[in-house]
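Read the structure below first, then the notes.
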Amino acid sequence: MDEAKLISALADGNIKALEKIMKKYSGYVCTVARNFSRGALSEEDIDEISVEVFYKLWNVRRNLDIKIGLSAYLSAAARNAVKNRFRDLPPPFEDITELDISSDFLVEDKAELSIMMELLNEGVEQLSPKDREIFLRFYLYGESSSQIAKAMNISESSVRTNLHRARAKLKKFMSERGYDHV
């Protein structure tokens, strides 16, 4: 069953579709959560996050609007679940409540966020294949520089250099389109 049919069956409440998605993507979701947490969470926490991601997927199935692909959607959900898990933990040594976070960086309008994400996706697509792979491995899949270097058979400094250049290109791309705060 292709991804579109699987998502459609899920939206219709087909529990078998959820089971197929879980079978196909549970290892992936765990890997994203593990990489994004940078080893700070136990395997039990990672498993709980995976269950949480699929539970939430089931709960929002009727309102799903997945244009970025199921793997990217699940990756974002896993990263958000890790962030939420860290947010629920007390700060280790310092009081982070005193941090001043500017509201300039918050995008409250869903339509604007959607446009911004489409532009960002367009910008990522314009990167060279190598830069795109490094960028996505680092930001989407949560892999470290050393993991990317090993997987792509390049040096860590090359990974960091390519990331720096990719960020600069994306920043320029977004800035030219009126998104200076990205």
Side-chain angles (χ1 to χ4, degrees), residues 3-4 6-8 10-11 13 15 17-92 94 96-97 99-125 132-145 147-148 163 166-167 170-171 174 179 181-182:
E3 189 172 285
L6 203 55
I7 292 170
S8 177
L10 178 71
I15 195 75
L18 178 65
E19 290 171 359
K20 286 180 183 179
I21 291 170
M22 289 175 67
K23 184 176 182 180
K24 183 175 180 179
Y25 292 103
S26 62
Y28 170 73
V29 168
C30 286
T31 299
V32 170
R34 190 177 299 108
N35 289 342
F36 195 72
S37 71
R38 305 254 189 243
L41 297 176
S42 68
E43 282 303 309
E44 185 177 291
D45 289 332
I46 299 296
D47 288 340
E48 287 175 10
I49 285 172
S50 177
V51 169
E52 180 182 322
V53 165
F54 292 110
Y55 178 75
K56 286 184 178 178
L57 178 68
W58 178 255
N59 285 338
V60 299
R61 69 187 179 277
R62 289 181 185 93
N63 300 322
L64 278 178
D65 185 22
I66 301 177
K67 293 181 178 132
I68 58 174
L70 192 54
S71 62
Y73 180 88
L74 292 171
S75 175
R79 289 191 318 273
N80 287 336
V82 169
K83 287 179 190 176
N84 290 341
R85 182 66 55 104
F86 285 136
R87 189 177 307 127
D88 294 341
L89 296 174
E94 56 187 88
I96 61 171
T97 60
L99 290 176
D100 181 28
I101 301 173
S102 172
S103 63
D104 294 343
F105 295 102
L106 301 177
V107 180
E108 296 177 358
D109 183 15
K110 284 186 176 186
E112 185 174 342
L113 178 59
S114 177
I115 292 167
M116 184 177 74
M117 293 307 293
E118 286 177 23
L119 282 173
L120 186 57
N121 190 41
E122 184 181 326
V124 169
E125 288 299 317
R132 185 179 325 120
E133 180 176 355
I134 291 170
F135 185 85
L136 293 175
R137 281 177 174 265
F138 189 81
Y139 287 105
L140 187 62
Y141 304 124
E143 293 181 7
S144 67
S145 297
Q147 288 173 315
I148 296 169
L163 276 172
R167 282 190 299 262
L170 287 172
K171 184 174 182 172
M174 295 300 285
Y179 289 93
H181 59 282
V182 178

Among all residues two or more places apart in sequence or in another chain, which pass the side chain to side chain donor-acceptor pair (under 3.5 Å) test with Arg132?
none

In Å and rounded to the nearest 0.5 Å, what is the CG to CG distance from Leu74 to Leu57?
6.0 Å

Across all chains, not counting sequence neighbours, the ring pair (Phe, Tyr, Trp, His ring centres under 6.0 Å) partners of Phe138 are none

From Ile49 CD1 over to Lys83 NZ, what is the distance, rounded to the nearest 0.5 angstrom?
12.5 Å

Rounded at 0.5 Å granularity, tell me how far NZ in Lys20 sits from CG in Leu6.
7.0 Å

Name all residues meeting the side chain to side chain contact (heavy atoms under 4.5 Å, CB included) criterion together with Val60; count only those two or more places apart in sequence or in a different chain, and write none if there are none.
Leu64, Tyr73

Spacing of CD belonging to Glu52 relative to CG belonging to Asp45, to within rounding of 0.5 Å
10.5 Å

Quick one: NZ on Lys23 to CD1 on Ile21, what's the gap to the nearest 0.5 Å?
13.5 Å

Side-chain donor-acceptor pairs of residues 25-32 under 3.5 Å, sequence neighbours excluded:
unit_1 : atom_1 : unit_2 : atom_2 : d
Tyr25  : OH     : Glu3   : OE1    : 3.1
Ser26  : OG     : Met22  : O      : 3.0
Tyr28  : OH     : Ser71  : O      : 3.2
Thr31  : OG1    : Gly27  : O      : 2.9

Looking at every heavy atom in both Ala81 and Val53, which two are closest together, and how far apart are they?
CB-CG2, 4.3 Å

Find the distance between CG (Leu163) and CZ (Arg137) and round it off to the nearest 0.5 Å.
12.0 Å

Under 3.5 Å, is there a donor-acceptor pair linking the side chains of Arg167 and Tyr139?
yes

Residue list, side chain to side chain donor-acceptor pair (under 3.5 Å) with Glu43, at least two apart or on another chain
Arg34

With sequence neighbours left out, the residues meeting salt bridge (Lys or Arg N to Asp or Glu O under 4.0 Å) with Asp47 are none

